[in-house]
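Reviewing the structure listed below.
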Amino acid sequence: MGEINTFVSPNFFPLPNSEVWGFVVKIRASVGEYVGSLARISEVIGRLFRVYEDLGKEHIRNGDLGNVSEEMENDDSRLGFWRANFRNVGGDGNGEGLGLRGMARYQVGRRLILDWGTNFENEIHFIAPQHEVVDDEGLPDSGVAGENARSNDDALSVDDSEVRMDLTDDLLHMVFTFLDHIDLCRAAMVCRQWRDASSHEDFWRYLNFENRYISAQQFEDMCQRYPNATAVNVYGTPAIHPLAMKAVSSLRQGPVRRDFFQALTDCHMLKSLTVNDATLGNGIQEVPIYHDRLRDLQIVKCRVLRISIRCPQLEILSLKRSSMPHAVLNCPLLHELDIASCHKLSDAAIRSAATSCPLLESLDMSNCSCVSDETLREIAMACGNLHILDASYCPNISLEAVRLPMLTVLKLHSCEGITSASMVAISFSDMLEVLELDNCSLLTSVSLDLPRLKNIRLVHCRNFNCPSLQRISITSNALKKLVLQKQESLTALALQCHCLQEVDLTECESLTNSICEVFSNGGGCPVLRSLVLDNCECLTTVSFSSTSLVSLSLGGCRAITSLELNCPYLEHVSLDGCDHLERASFSPVGLRSLNMGICPKLNVLHVDAPLMVSLELKGCGVLSEAFIYCPLLTSLDASFCSQLKDDCLSATTASCPLIESLVLMSCPSVGPDGLSSLHCLPNLTYLDLSYTFLVNLQPVFDSCLYLKVLKLQACKYLSDTSLEPLYKGGALPALCELDLSYGTLCQSAIEELLAGCMHLTHVSLNGCVNMHDLDWGFRRDRLTEISSPDDLLPMDQRDRLLQNLNCVGCPNIKKALKFPGPDHGLYYLFSNCNSLEILKLDCPRLTSLFLQSCNIDEEVVGTAIMHCNMLETLDVKLFAQR
């Protein structure tokens, strides 16, 4: 709102501060002198303001402002906006204007919105005499302005009696009632008190912009600042169309009187009108809405006794959620009528309104509880082009003898009168494409032959006191989606739907295994892509053979014990909750990943998936027979498969040569023969043999030449010499991470391992009870059989040194010593080492040290980290200070 901003800014008038506030003092003195005569006060203030303005222009002409005179002239030229726009702000006395007092002056425009439910929490606090850029610091208090003036300019000295006016707020309010909007804007520049007084909404009830230019942003700011304005006049403004919309949508809630709608007849270009959450008229009279060119009328959530609408060009009408007992329509071109939730409309009123619109194509009468079958019959005869009908929550309709042959969409949610006999009437709607029968509790069977049906919903059609839906037969050449959720008694389903692609039968608890034939090849759904059978608890043996099925969900089908899928294009399958599944065959399928770990009773598995890359069998504790043919498989997790034997592992490695990650944790039946088959996996880099009964790791050293991660947690049967090939024989030269947590290796074996395996970057020794001292500074001559450990490493691995050491929960470690560290950052973790007493670290590159719940003395820690210049993290939580 640039013009407003320019006018109210204290920097607008090009006068030195002393002269500005000197004139302000004179204004106040004049006001104080004539305080007994309010009319005289108004005259004096106006006169002095004009003198104030003329003097400012004289300064501009004389060039007192130097280089900025041109800019000030531009600002001064904007004063004309306020002079021109607010001189006649009082109006012509007839109350003419836009808004609550009518629209007699609004003669152009295409769209008008009355939204009395607007939320004003984000109201912009801005008026003509107030703007965000006006700083309080730039305005003096009313009692000190004169003193500032005297101190800055002796030529304008004024006595204290002239300065101290101290007008009360009430008296100032009375004075300002004699000012027009231009003078109110000027008064706002005097001081904070005057600014607050001039912005009172009593002075801004009527906003008159007739034949004046004002931008849409300026106008919106004014309306939002003064939402209680009773009249707005935008007649003759260049942007009358958007200004009118902003005016009526920004004013607060109030009754819309009849004269407002009468004034609409003069708005010849008006095409759309929305009135939201308002009281029309005085509540006891008919409200007429007559307009020759109106095409879209929305009377939403309004209150009126009777409404009469005569709009020959009207095409869309909504009376949704309005409280009105009577509605008379004379709209011959109406196409869409929405009377949803008009609870007070009687059956006769609805019948009269709908039948008076012969071209009606869409009718929404949901939640109109009075609607009867007789009304539907008359509507069907009068409205031959009706395509969309929503009669949801109308308990009195049963569609008996109702014929709607042109319907394409029919919604009958929660219609208590809809029964199996109603399907006869629906079958006459040959053009029907969408049918929704949710919660129609009296339906016991559905048999439809609708060639164009594309979507049908039958969610939760049941009644605890009556027989429930048991059989559904649908024939359609257009049906693409079928939703039959929560049909607890549905036992038979017959479909001949050659375009059906999606079916949802969630919680159809009575469906039996015969349902598989319906959705298999030759079952009547040749292009089915998605099938949902979640929580169908009567399914026990599931077998699908489909060349079109892409997605299958069997979540919560706890009774399934056997599953056979011959679906070459199947990409997604969900088996969550199928915890009784014993046999499963996926041959062939297009799956890329499969998780069978949620089936703890699975003992036979057959997977033929040419595209599969990830297979998880974690937790299949009784799995004893598995044939896995997945040539692209890269990750296999067989954790806790306690019955998995060597022959099964050997067959899997032979048929899946691209495996990179293999987890055999807690697979006690895997032995040397199975490990020897790992030579078929040239890309294997991750191997987890934790919690196994292995004694000899030589098959691993011989087969896994490129292994990078080896986990041997809790392998308690490994001897102290089991790992000698690592640091004496140069085995696994690419190994960089080794986990020996909770093992039984002795102190010397661990020391030799750490000293000899220079290429390890991560070592975990958590819970190693046999480790007493961690001394990496022992003499290298103990490794007598190692001539040159670096000779055993490839050229690109010689510079890889320890970066991460975990020794959590090693209760017997008392001493930890470290020779000078590498150039890499180090991460040491000694938490819960309760016996740790000595700590010596010569690690300048150490970045993180964890000593949680350790009893070591804090002075020892301080000495140990003295030379750790790169230390970033030191965790001594629960540290025992002594």
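Because the structure is predicted, anything quoted here is derived from the model rather than measured.
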- Query: Quick one: are D338 and L317 in side-chain contact, heavy atoms under 4.5 Å?
  - Reply: no

- Query: Say you draw a straight line from OG of S392 to NZ of K411; how long is it, rounded to the nearest 0.5 Å?
  - Reply: 7.5 Å

- Task: Would you confirm whether D373, through its side chain, and S398, through its main-chain N or O, come within 3.5 Å as a donor-acceptor pair?
- Result: yes

- Item | S323 side chain near V304 side chain, heavy-atom distance below 4.5 Å | no

- Here the pair of heavy atoms bringing C302 nearest to V275 is SG-O, 3.4 Å

- Query: Does the distance from a Lys or Arg side-chain N to an Asp or Glu carboxylate O, for D347 and R351, drop under 4.0 Å?
  - Reply: yes

- For residues R303 and T279, is any side-chain donor paired with an opposing acceptor at under 3.5 Å? yes

- Query: Is the number of heavy atoms from other residues, nucleotides or ligands within 6.0 Å of CZ (R293) greater than 12?
  - Reply: no

- Message: Test your reading of the model: is there a side-chain donor-acceptor pair from H387 to the backbone of S362, 3.5 Å cut-off?
- Response: no

- Residue R321 excluded, over 12 heavy atoms near CZ under 6.0 Å: no

- Query: So does E416 have more than 12 non-hydrogen atoms from other groups sitting under 6.0 Å from CD?
  - Reply: no

- Query: Does the ring center of H173 lie less than 6.0 Å from the ring center of F203?
  - Reply: yes

- Would you say the side-chain atoms of Q485 and D504 include a donor-acceptor pair closer than 3.5 Å? yes

- Checking T355 side chain against E378 main chain: does a donor-acceptor pair fall under 3.5 Å? no

- Message: Determine whether a donor-acceptor pair (N or O, by modelled atom type, separation under 3.5 Å) exists between the side chain of S352 and the backbone of A349.
- Response: no

- Query: Nearest 0.5 Å, what's the OH-SG distance between Y393 and C368?
  - Reply: 13.5 Å

- Between the side chain of N396 and the main-chain N/O of S369, is any donor-acceptor distance below 3.5 Å? yes

- Query: Can you check whether I289 reaches L297 side chain to side chain, under 4.5 Å on heavy atoms?
  - Reply: yes

- Taking atom CG of L294 and atom SG of C311, what is their separation to the nearest 0.5 Å? 5.0 Å

- Item | Aromatic ring pairing F176/W194, orientation class (parallel under 30°, perpendicular over 60°, tilted between) | perpendicular

- Message: Return the CE to CD1 distance between M365 and I397, rounded to the nearest 0.5 Å.
- Response: 8.0 Å

- Task: State, yes or no, whether a side-chain contact exists between T177 and D202 at a heavy-atom distance under 4.5 Å.
- Result: no

- Separation of K301 NZ from D277 CG (nearest 0.5 Å): 5.0 Å

- S429 side chain vs L404 backbone, donor-acceptor pair below 3.5 Å: yes

- Under 6.0 Å from the CD atom of E400, do we count more than 12 heavy atoms belonging to anything else shown? no

- Query: Can you tell me how far the CZ atom of R306 sits from the CD atom of E286, to the nearest 0.5 Å?
  - Reply: 5.0 Å

